[in-house]
Engineer: 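Quick one: structure below, then a few questions.
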Amino acid sequence: MTPNVPEKVSLEGLEDKWSARWDADAVYKFNRSVSRAEPGPSGRERGIFSIDTPPPTVSGSLHVGHVFSYTHTDTLARFHRMRGREVFYPMGWDDNGLPTERRVQNYFAVRCDPSLPYEPNFSPTPAAGKKQEQVAISRPNFIELCTRLTAEDEKVFEELWRHLGLSVDWGMTYSTVGERAQRVSQRSFLRLLQKGLAYQAEAPTLWDVDFQTAVAQAELEDRELPGAYHRIRFNGPDGRDIEIDTTRPELLAACVAVVAHPDDARYRPLVGKVATTPLYGVEVPFLTHPLADPEKGTGVAMICTFGDVTDVVWWRELHLPARAMIGRDGRIRQDPPPGVEDAPAWAEVRGKKINAARARVVELLRESGDLLSEPRPITHPVKFYEKGDRPLEIVTSRQWFIRTLDHREELLARGEELRWHPSHMKARYESWVNGLNSDWLVSRQRFFGVPFPLWYRLSDDGSVDYGSPLIPDEARLPVDPSTDVPDGFSEGERDKPGGFTADPDIMDTWGTSSLTPQIAGHWEDDPDLFGRVFPMDVRPQAHEIIRTWLFSTIVRSHFEHDCLPWTDAAISGWVLDPDRKKLSKSKGNASTPLPWIEQYGADGVRYWAASGRPGVDTVFDEGQMKVGRRLAIKILNASKFVLSMAPGELAAAVEFTALDRALLTRLAGVVEEATTSFEGYDYARALERTEAFFWVFCDDYVELVKARAYGGQGPEAAASAHRALGLSLSVLLRLFAPVLPFVAEEVWSWSQERSVHRAPWPSAQEFEGVGESDLAVFATAAEVLADVRKAKTAAQVSMRAEVDRVTVLDTSERIARLRLAEADLKEAGRVTDLVLEEARERSVEIVLAAVNQA
RNA sequence: GGGCGCUUAGCUCAGUUGGUUAGAGCACCGCCCUUACAAGGCGGGGGUCGGGGGUUCGAGUCCCUCAGCGCCCACCA
């Protein structure tokens with residue numbers, strides 16, 4: 001094909017032009033006829049490269065942080081596609097869970113009340129004002145709104161991703177709450193249940209009093225909060241006082257024991273005796289436990305059910321009774337815990353919020369004289385649900401768990417087996433697994449999510465038989481137990497004595513997201529496809545969700561398939577604002593990416609993203625985008641020149657000049673390095689090496705051969721330049737294509753029919769005809785050219801200024817190299833007389849033509 | 001409390017197995033409208049590599065130690 005170079009080259013409109021064309025030509029369509037791994041012809045890899053794409057949360061908005069990490073993945077996808085592999089690169093939408101619920105509540109000013117009946121024609125308009133009264137609606141109505149809103153959000157997301165140039169197969173999207181996801185989640189759950197790896201238990205768990213749901217260990221975060229030590233007096237045996245420091249005096253009624261360290265000599269006489277709580281007069285045992293810290297407070301702690309997770313440990317390990325007093329709404333319960341029924345103090349706190357109860361208890365203690373000192377303010381870490389606003393409480397509830405504690409060793413071995421990029425991220429996985437203190441709590445008391453596909457029998461007295469749940473056949477999945485009926489029952493028997501009742505809970509968002517490989521790969525629904533793409537090659541994700549998404553995905557795959565879900569994990573860093581804070585929507589420091597794409601082009605934005613090292617937090621840098629845009633423009637211009645020189649069909653018989661051989665050999669090295677880097681998931685290094693070469697190519701090589709290419713040294717010498725320029729450009733465009741897909745495609749299209757993104761990745765073979773070369777020929781010539789430029793700059797004359805004579809004294813070796821590029825050097829520097837002489841020390845003398853020395 | 005990472009020019013960062021005068025881009029200064037490119041090109045100034053100690057013929061690059069920053073984990077009365 002004869003190059004068809006536009007008169008004027010420009011980046012304007014490339015995104016629209018090429019994203020439409022790629023779509024029309026199905027450039028990124030996954031070809032599932034390829035088998036998982038098959039040897040390719042002549043060293044090119046064949047087979048499939050599958051990516052476990054992170055499904056972005058559609059209820060949020062995309063910001064530059066997303067663009068950053070998704071670009072990284074896309075460069076890898078493009079690289080492997082060019083290597084000849086079919087890339088399985090679906091896009092998922094995470095529309096599951098609380099963020100969606102919250103967005104729907106705010107967007108439509110509604111709230112879900114599961115007790116309400118469905119209203120078929122309910123269709124609210126988006127809430128206008130800020131504070132609008134929330135309308136209570138039924139669960140089915142609420143879920144309809146969730147679905148409606150997420151569908152709209154997905155469209156916006158897809159548009160942006162296309163604009164950014166993600167080479168996703170848009171025919172293969174999935175959602176984490178759609179029917180497929182439900183089926184996969186429920187099937188996997190039922191299989192865990194069969195294997196005894198999922199179980200139900202009534203146990204104290206961390207509870208968010210606002211969201212009214214249990215929360216798992218993985219969703220916790222500590223926040224430093226002001227608090228106060230209150231020293232209070234318990235009555236000990238023999239009339240002796242026991243002094244105890246507590247930050248939660250309001251829980252006094254829930255006290256079931258006091259505890260000291262077994263080695264604490266101060267309290268040894270009291271151990272095994274009984275202490276009496278102030279205000280309530282409840283007798284509790286004085287016990288010992290190694291977790292009691294003699295250094296903390298008075299060395300004696302009161303154990304309450306439950307003030308914190310240590311209480312839970314003590315309660316469990318010391319086999320204490322429960323005396324729960326906090327309700328699911330975060331208030332003190334109405335009904336008193338056992339043992340305090342008759343205490344007048346209970347009436348003072350019942351039904352109160354935590355803070356009010358605390359204040360009242362302190363007053364009461366003060367009045368009774370049991371408050372031994374005024375509260376001493378401290379700051380201490382308090383556990384929060386990561387999306388929550390109030391401290392977590394611990395309440396006892398029935399929940400589903402997946403066993404992880406018993407499998408820690410196996411899971412650690414999986415972490416060992418996985419290839420981590422960067423490798424030190426493995427440490428985070430290990431510290432998480434080693435720190436597990438409970439099985440994975442997978443049930444949530446929410447509405448929008450995947451329900452547990454279970455019902456329970458109701459006995460004749462109406463009590464629930466949790467022991468043997470009613471399980472649907474896998475072929476029925478997905479089921480919604482709140483509307484579907486278990487086999488052998490009828491709807492009329494729902495919630496009736498002798499009938500059945502649905503499991504009310506939904507799965508944790510990670511309960512579904514942990515199955516993205518299975519969802520995306522159509523596990524069981526399409527065994528042929530699943531066999532081709534699973535286990536996957538790579539999981540790209542951010543480091544802060546190693547403990548959640550990465551961990552839980554390994555758990556599911558380990559239990560279900562007895563293998564890793566992928567061989568490699570590519571962990572991306574965060575995007576930081578100039579103050580080094582993580583960009584996030586909630587902090588309001590994250591900008592929407594579209595304006596940046598419009599200003600610098602998708603390629604410019606991608607360039608910035610791809611400059612961020614794998615796993616390294618990177619500062620948001622508009623300057624880098626600007627640099628990326630300039631690079632793209634430079635590629636346009638350089639390509640325009642090269643293609644106007646080089647014929648479409650390269651004459652293969654031409655003998656390369658020494659300078660051209662040196663340039664091409666150097667480029668072959670860059671190809672090798674970029675290839676190795678991409679194989680090792682280091683897109684940033686690949687880009688850096690390619691770019692560095694490209695600038696040398698433009699500034700030195702093109703300048704050195706320009707005149708020769710115009711024919712200054714005859715047709716044969718010109719042909720060598722043409723061929724070297726043409727080959728270099730072809731290789732460079734393909735090296736740039738993963739990072740700068742738009743400009744690479746634009747330029748490629750000037751001389752090629754097919755997409756650059758399906759062109760073969762450059763290989764050493766393409767340089768086979770170059771022959772032996774001395775790399776230093778190019779470097780040495782470029783050095784002298786730089787000297788000439790320097791002299792012209794010093795003389796404040798144009799680069800086109802004539803030079804009468806350049807005298808180079810240098811070692812015989814280097815002089816020999818310069819002779820090989822003598823003609824190019826003379827023309828590039830406009831040197832009339834180039835004198836090359838051997839000498840011990842290098843020196844360069846430049847005599848500019850008199851006419852130019854004004 | 002444990003762990004991981006980072007600390008190189010004003011800024012953002014490269015420096016792969018230790019080896020010639022430590023690199024790039026941005027910013028800054030100067031020059032040049034050169035037929036691929038003036039939203040460009042060419043050239044220049046500027047760091048002794050967080051502090052200290054050690055190994056070595058030789059260390060930004062390995063070891064020890066200290067400091068600061070960030071993150072992950074932790075049973076936080």
Side-chain angles (χ1 to χ4, degrees), chain A residues 5 9 222 224-225 227 229-230 244-248 251 258-260 289-293 296-304 307-314 317 378-383 422 424-437 543-544 546-547 573-574 576 578 580-582 608 611-613 615-624 626-631 633-645 673 676-677 680 682 684-685 688-689 691-692 695 698-699 702-703 706 710 785-786 788-801 830:
Chain A
V5 184
V9 297
D222 287 350
E224 287 287 331
L225 237 53
Y229 272 127
H230 303 73
I244 294 179
D245 275 335
T246 178
T247 55
R248 303 205 58 179
L251 294 179
V258 294
V259 66
H289 191 279
L291 282 183
D293 184 356
K296 227 169 243 173
T298 64
V300 187
M302 67 173 193
I303 303 176
C304 301
D308 63 28
V309 289
T310 315
D311 279 342
V312 179
V313 174
W314 281 329
E317 295 187 6
I378 55 161
T379 303
H380 62 158
V382 176
K383 292 212 181 296
H424 67 255
M425 289 297 176
K426 185 171 75 177
R428 302 196 177 202
Y429 176 84
E430 286 173 347
S431 71
W432 171 251
V433 176
N434 284 320
L436 285 175
N437 57 30
H543 51 66
E544 82 274 19
I546 287 174
R547 67 173 182 173
W574 284 340
L576 308 175
R580 306 245 156 213
K581 296 281 187 293
K582 184 195 172 191
W608 158 73
S611 304
R613 257 53 205 178
V616 177
D617 294 347
T618 300
V619 177
F620 176 79
D621 187 356
E622 199 181 332
Q624 278 296 100
K626 201 168 164 184
V627 173
R629 182 175 176 81
R630 281 187 187 161
L631 173 62
I633 292 171
K634 188 77 175 179
I635 290 172
L636 284 178
N637 285 313
S639 301
K640 181 178 157 192
F641 170 74
V642 168
L643 289 175
S644 68
M645 283 294 130
E673 210 172 350
T676 308
S677 299
D682 194 345
R685 176 185 291 270
E688 181 196 83
R689 296 308 151 98
E691 188 190 5
W695 286 106
C698 290
D699 296 343
V702 170
E703 292 306 320
K706 191 183 276 181
Y710 277 122
L785 179 62
V788 173
R789 285 172 179 157
K790 206 176 294 188
K792 290 180 181 177
T793 297
Q796 303 195 352
V797 297
S798 155
M799 287 300 135
R800 295 189 70 191
R830 304 204 160 222

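Numbers restart at 1 for each chain; the letters A, B, ... are given by sequence-line order, proteins then strands. Only heavy atoms go into these numbers, but all of them, side chains included; no hydrogens, no water, no symmetry mates. The shown structure was predicted, so the numbers you read here are calculated from the model rather than taken from an experiment.
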Engineer: Let me know the distance between NZ of A:Lys640 and P of B:G40, rounded to the nearest Å.
Structural biologist: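 For the pair A:Lys640 NZ and B:G40 P, the rounded distance is 15 Å.
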Engineer: Which listed nucleotide (B:C37, B:A27, B:A77) is nearest to the side chain of A:Glu703?
Structural biologist: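 Of B:C37, B:A27, B:A77, B:C37 is nearest to the side chain of A:Glu703.
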Engineer: Looking only at atom P, what distance separates B:G47 and B:G10, rounded to whole Å?
Structural biologist: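 Pairwise P distance, B:G47 against B:G10, rounds to 8 Å.
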Engineer: My understanding is that a pair needs two contacts under 3.5 Å, Watson-Crick or G-U wobble. By that rule, which nucleotide pairs with B:U17?
Structural biologist: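 Because no pair has both required distances under 3.5 Å, B:U17 counts as unpaired.
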Engineer: Report the nucleotide, chosen from B:C4, B:A14, B:C73, that has the shortest atom-to-atom distance to any side-chain atom of A:Glu688.
Structural biologist: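 Among the listed nucleotides, the one closest to the side chain of A:Glu688 is B:A14.
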Engineer: For B:G15, take OP1 and OP2 only and decide whether either is under 4.0 Å from a side-chain N or O of A:Arg685.
Structural biologist: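 True: A:Arg685 side-chain N/O within range (under 4.0 Å) of B:G15 OP1/OP2.
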Engineer: The side chain of A:Arg630 is closest to which nucleotide in this list: B:G40, B:A36, B:C73?
Structural biologist: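 From the listed options, B:G40 comes nearest.
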Engineer: Tell me: CZ of A:Phe620 to C1' of B:C13, nearest whole Å?
Structural biologist: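 Distance check: A:Phe620 CZ to B:C13 C1' gives 17 Å.
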Engineer: Please state the C1' separation for the pair B:G19 and B:U55 - nearest whole angstrom.
Structural biologist: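 Their C1' atoms lie roughly 16 Å apart.
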Engineer: Starting at CG of A:Asp222 and ending at P of B:C73, how long is that distance when rounded to a whole Å?
Structural biologist: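 Spelled out: CG on A:Asp222 to P on B:C73 is 9 Å.
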Engineer: Considering only the P atoms, how many Å lie between B:G53 and B:U61, rounded to the nearest integer?
Structural biologist: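 Taking atom P in both B:G53 and B:U61, they lie 14 Å apart.
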Engineer: Do A:Arg613 and A:Glu688 meet the salt-bridge criterion of a basic N to acidic O distance under 4.0 Å?
Structural biologist: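 Between A:Arg613 and A:Glu688 there is a salt bridge, with a charged N closer than 4.0 Å to a carboxylate O.
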Engineer: Which one is paired to B:G1, where only Watson-Crick or G-U wobble pairs with both distances under 3.5 angstrom count?
Structural biologist: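 Partner of B:G1: B:C73.
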Engineer: Tell me the interatomic distance from A:Leu631, atom CG, to B:G41, atom P, rounded to whole angstroms.
Structural biologist: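 So the two atoms are 11 Å apart, to the nearest Å.
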Engineer: Would you kindly compare A:Gly297 and A:Lys790 by the position of their nearest RNA chain B nucleotide and give the one closer to the 5′ end?
Structural biologist: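 Its nearest nucleotide lies further toward 5', so the answer is A:Lys790.
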Engineer: Any side-chain N or O of A:Arg547 below 4.0 angstrom from OP1/OP2 of B:C73?
Structural biologist: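 For A:Arg547, the contact criterion (side-chain N or O under 4.0 Å from OP1 or OP2 of B:C73) is met.
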Engineer: Quick one: is A:Arg629 getting a side-chain N or O under 4.0 Å of the B:A39 phosphate, OP1 or OP2?
Structural biologist: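 For B:A39, OP1/OP2 do not have a side-chain N/O of A:Arg629 under 4.0 Å.
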Engineer: Of A:Val702 and A:Ala794, whose closest RNA chain B nucleotide lies nearer the 5' terminus?
Structural biologist: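 Closest to the 5' end, via its nearest nucleotide, is A:Val702.
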Engineer: For B:C4, take OP1 and OP2 only and decide whether either is under 4.0 Å from a side-chain N or O of A:Arg428.
Structural biologist: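 Checking A:Arg428 against B:C4: no side-chain N or O falls below 4.0 Å of OP1 or OP2.
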Engineer: If I pick the P atom on B:A14 and the same atom on B:A24, what distance separates them, to the nearest angstrom?
Structural biologist: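 Those two atoms are separated by 16 Å.
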Engineer: Any non-hydrogen side-chain atom of A:Arg685 less than 4.5 Å from a side-chain atom of A:Arg689?
Structural biologist: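 Yes; the side chains approach each other to less than 4.5 Å.
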Engineer: With a 4.0 Å cutoff (strictly under), does any side-chain N or O of A:His380 reach OP1 or OP2 of B:A77?
Structural biologist: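 For B:A77, OP1/OP2 do have a side-chain N/O of A:His380 under 4.0 Å.
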Engineer: How far does the P atom of B:C71 sit from the matching atom of B:C29, given to the nearest Å?
Structural biologist: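 Straight-line distance between the two P atoms is 37 Å.
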Engineer: Could you tell me how far B:G60 sits from B:A39 if I compare only their C1' atoms? Round to whole Å.
Structural biologist: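 About 37 Å, rounded to a whole number of Å.
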Engineer: Can you tell me which nucleotide in B:G43, B:A77, B:A36 comes closest to the side chain of A:Ala786?
Structural biologist: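 Ranking B:G43, B:A77, B:A36 by closest atom to the A:Ala786 side chain puts B:G43 first.
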Engineer: When you compare B:A36 with B:G23, how far apart are their P atoms, in angstrom units rounded to a whole number?
Structural biologist: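 That atom pair is separated by 32 Å.
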Engineer: Could you verify whether a donor N or O on one side chain and an acceptor N or O on the other, from A:His289 and A:Glu317, lie under 3.5 Å apart?
Structural biologist: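 Judged by distance alone, the side chains do pair up.
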Engineer: Between A:Glu622 and A:Trp608, do the side chains contain an N or O donor and an N or O acceptor separated by less than 3.5 Å?
Structural biologist: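 No pair is found: no donor N or O on one side chain lies under 3.5 Å from an acceptor on the other.
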Engineer: Given atom NZ of A:Lys792 and atom P of B:G44, what is their separation to the nearest angstrom?
Structural biologist: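 Going from A:Lys792 (NZ) to B:G44 (P), I get 15 Å.
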Engineer: Measure from the side chain of A:Tyr710, starting at C-beta and using heavy atoms only, and say which of B:C37, B:A77, B:U35 lies closest.
Structural biologist: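 Of the options given, the side chain of A:Tyr710 lies nearest B:U35.
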Engineer: Does either side chain, that of A:Glu224 or that of A:Thr379, offer a donor lying less than 3.5 Å from an acceptor on the other one?
Structural biologist: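 There is no such pair between these side chains.
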Engineer: Of all the nucleotides listed (B:C75, B:A77, B:G40), which has the minimum atom distance to the side chain of A:Thr247?
Structural biologist: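 Of B:C75, B:A77, B:G40, B:A77 is nearest to the side chain of A:Thr247.
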Engineer: Using a 4.5 Å cut-off on heavy atoms from C-beta on, say whether the side chain of A:Val300 contacts that of A:Val259.
Structural biologist: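 Contact flag for A:Val259/A:Val300 side chains = no.
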Engineer: Can you tell me if A:Lys706 touches the phosphate of B:A36, counting only side-chain N or O atoms and a distance under 4.0 Å to OP1 or OP2?
Structural biologist: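 Yes, such a contact exists.
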Engineer: Roughly how many Å is it from CG in A:Asn434 to P in B:C72, rounded to a whole number?
Structural biologist: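 Spelled out: CG on A:Asn434 to P on B:C72 is 18 Å.
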Engineer: Side chain of A:Asp699 only, please: which of B:G41, B:U12, B:C75 is the nearest?
Structural biologist: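 Closest nucleotide among those given: B:G41.
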Engineer: Please state how far atom CD in A:Glu544 lies from atom P in B:C72, giving the value in whole angstrom units.
Structural biologist: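 To the nearest whole Å, that distance equals 8 Å.
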Engineer: How far does the C1' atom of B:C33 sit from the matching atom of B:G40, given to the nearest Å?
Structural biologist: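 Nearest-Å result for B:C33 against B:G40 at atom C1': 10 Å.
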Engineer: Could you give the distance from CD1 (A:Ile303) to OG1 (A:Thr310), rounded to the nearest 0.5 Å?
Structural biologist: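 Going from CD1 on A:Ile303 over to OG1 on A:Thr310, the span is 10.0 Å.
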Engineer: Whole Å only: how far is the NZ atom of A:Lys634 from the C1' atom of B:A36?
Structural biologist: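 From A:Lys634 NZ to B:A36 C1': 8 Å.
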